[in-house]
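Reading through the structure tokens given below for one structure.
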Amino acid sequence: MARLVMKFGGTSVADIDRIRNVARHVKREVDAGHQVAVVVSAMSGITDQLVGWCQAALKKRQLFDAREYDAVIATGEQVTAGLLAITLQDMDINARSWLGWQLPILTSNAHAAARILEVNGAELIRRFNDHKEVAVIAGFQGLHQETARITTLGRGGSDTSAVAVAAAIRADRCYIYTDVDGVYTSDPRVVPRARRLDKIAFEEMLELASLGAKVMQVRSVELGMVHNVRIFVRSSFDRPEDIDPHRNPPGTLICDEEEIVEQQVVTGIAFSRDEAQISVREVADKPGVAAAIFVPLAEANINVDMIVQNVSADGQTTDLTFTVPAADYHRALDVLAKAKGAVGYARLDGATDVAKVSVIGIGMRSHAGVAAQAFHALAERAVNIRAITTSEIKFSLLIDAAYTELAVRTLHSLYGLDQATS
Ligand code: ADP
Ligand code: ASP
Ligand code: MG
């Protein structure tokens, strides 16, 4: 007997037929004698629709009350949790749905980006033991205890709910069922020759996720790493009847680096189009200027990522170029316009048609010249690089968004990640 968490994302529960297929996956594990907690997302498209309604409800104000936003967008998962519990009961499986406040899953007060503080795993374990009950938990949501308000964990947050539940019940495995059969060397929708990885190290998955691969929410990988949860990413579209219980199903295990025997220099390529570039032109090259620019941005809660400083065209002053999330672009320009007196720049330039392409691999720690190969290959294809950042196990390049696919595929081939053609 093992204790399992099974998480199903939006496309996996998109309609009643798919929910029934999910229930059959759950039944297979229950019939094998395992204790199961299921975590579900909203049906695909629902959370986007709920966000759209919140935006449409505002006529006068710029921002909604985050507590009410969470009250609205948490509802999608409630529907799926109830429907899956009904479907399981219809298959004669004892199942009960749980919303974040019911279990509870306690979180911080940071609405729309709350962090999980505690999950009541003891109650789930008691019900496994005493009632052989499957827990169907609404992902993405929790409760801020002091204010008794519903919170949500940020987009894609059901992954984090699943890993947190797995840690709380000391699950043997946390299965992330999704619409691809594992973690690939790059997004298989953009790179047809991407390869599925059998294993990926937590640290690499963390970089892939934070640099744009949305297959796992970043926070879920962090939690998995801290609590040593064995996370296995696999497809929900397989028919449960076809799964051979004696063989490992196709998928990707996210695990410690030591478990990976054959380590490549580069493991994967991620990209993100949610970036915007801002250049602050002709600022004085003297101490305090960077602080005058970046402190007000930090105070406005705007995350600055890549930063490059060049000599200005006039040779006397300096230009500072950096990136911010595209969603914060206009706010960042407003903040900088207000700081103009303190900074003393000539003008602001910006662009939203940019993309960040990142190359990730633990092997980079011990190999020099990995990034240089990329510069060369992209130059041959006339892809201009606007900014570069590097760290121990990754480097990122900012390019024109129009070249994203070309750059990702070029780098994918360059580092030997392409699947052999059959
Ligand atoms: P879910 O709704 O199940 O949470 P998501 O849409 O959040 O699923 O994540 C799965 C998607 O992540 C895939 O459909 C795929 O397009 C995308 N993706 C991006 N990068 C990768 C990668 N390296 N490996 C696998 N999938 C990736
Ligand atoms: N439904 C939420 C979202 O779309 C959470 C999730 O699916 O993980 O972001
Ligand atoms: Mg997701």
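Values in this document were obtained by computation on a predicted structure and should not be read as measured data. Note that ligands are numbered from 1 as they come in the structure, with each ligand's atoms numbered from 1 the same way. The basis for the numbers below is simple: all heavy atoms, side chains too, and nothing from hydrogens, waters or symmetry mates.
Heavy-atom proximity to atom 8 (O) of ligand 2, evaluated over G154, S12, S158, is greatest for S158. Summarising the contacts of atom 10 (C) of ligand 1 with T11, L197, D179, the nearest heavy atom is found in D179. Comparing heavy-atom distances from atom 27 (C) of ligand 1 across V190, T252, V215 singles out V215 as nearest.
Not a single heavy atom of L208 lies less than 4.0 angstrom from ligand 1. The shortest heavy-atom distance from S41 to ligand 1 is not under 4.0 Å. Within the structure, ligand 2 lacks G76 among the residues with a heavy atom less than 4.0 angstrom away. Not a single heavy atom of R196 lies less than 4.0 angstrom from ligand 1. In this structure, G156 counts as a contact residue of ligand 2, since one of its heavy atoms falls inside 4.0 Å of the ligand.
Counting protein heavy atoms only, atom 21 (C) of ligand 1 is closest to D187 CA, 3.7 Å. Regarding atom 4 (O) of ligand 2, its nearest protein heavy-atom neighbour is R155 NH2, 2.9 Å. Shortest contact from atom 4 (O) of ligand 1 to any protein heavy atom: K7 NZ, 3.1 Å. Atom 25 (C) of ligand 1 has G182 O, 3.4 Å as its closest protein atom, hydrogens excluded (heavy atom only). Here the heavy atom of the protein found nearest to atom 7 (O) of ligand 1 is K214 O, 3.5 Å. Of the protein's heavy atoms, T178 OG1, 2.6 Å lies nearest to atom 3 (O) of ligand 1. Remark: minimum distance from atom 2 (C) of ligand 2 to any protein heavy atom is reached at E77 OE2, 3.4 Å. Of the protein's non-hydrogen atoms, G10 N, 3.1 Å is the one closest to atom 2 (O) of ligand 1. Of the protein's heavy atoms, S41 OG, 3.0 Å lies nearest to atom 7 (O) of ligand 2. Of all protein heavy atoms, the one closest to atom 23 (N) of ligand 1 is Y184 O, 3.0 Å.
Within a 6.0 Å radius of CZ in R281, other residues, nucleotides and ligands contribute more than 12 heavy atoms. By the 6.0 Å contact criterion, CZ on R96 is open, its count of non-hydrogen atoms from other residues, nucleotides or ligands being 12 or less. Dense packing is recorded around CZ of R386, with more than 12 heavy atoms of other residues, nucleotides or ligands lying under 6.0 Å away. Heavy atoms from other residues, nucleotides or ligands lying under 6.0 Å from CZ of R149 number 12 at most. Within 6.0 Å of atom CZ in R170, 12 or fewer heavy atoms from other residues, nucleotides or ligands are found, so the atom counts as exposed in its surroundings.
Below 3.5 Å of separation, one finds no N or O of S12 facing any N or O of ligand 1. Here's the thing with K7: none of its N/O atoms is less than 3.5 angstrom from an N/O atom of ligand 2. Polar contact check, T185 against ligand 1: no nitrogen or oxygen pair lies under 3.5 Å apart. Between R189 and ligand 1, at least one N/O pair is under 3.5 Å apart.
For K214 and D159, the salt-bridge test fails: no basic side-chain N is under 4.0 Å from an acidic carboxylate O. Using a cut-off of 4.0 Å between Lys/Arg side-chain N and Asp/Glu carboxylate O, E405 and R381 are scored as not salt-bridged. A salt bridge links E203 with R365: the closest approach of a Lys/Arg side-chain nitrogen to an acidic carboxylate oxygen falls below 4.0 angstrom. Between D31 and R24, no side-chain nitrogen of the basic residue sits less than 4.0 Å from a carboxylate oxygen of the acidic one, so the salt-bridge criterion is not met. Between R3 and D172 no salt bridge is recorded (no basic side-chain N to carboxylate O distance below 4.0 Å).
To the nearest 0.5 angstrom, R409 atom CZ is 11.0 Å from R193 atom CZ. Between the OG1 atom of T75 and the CZ atom of F140 there is a distance of 9.5 Å, given to the nearest 0.5 Å.
Using a 30° and 60° split on the angle between ring planes, Y69 and F64 fall in the parallel class, below 30°. Classification of the Y177-H25 ring pair by plane angle, with boundaries at 30° and 60°, yields tilted.
Of the heavy atoms in A194, none comes closer than 4.0 Å to ligand 1.
Evaluated for a side chain to side chain donor-acceptor pair (under 3.5 Å) with S358, the options S396, S391, S210, S272 yield exactly one hit, S396.
Atoms of ligand 1 found under 4.0 Å from any heavy atom of V183, numbered from 1 in the order shown, are 24 (N). Of all the atoms in ligand 1, the ones that sit under 4.0 Å from a non-hydrogen atom of A213 are 19 (C), 20 (N).
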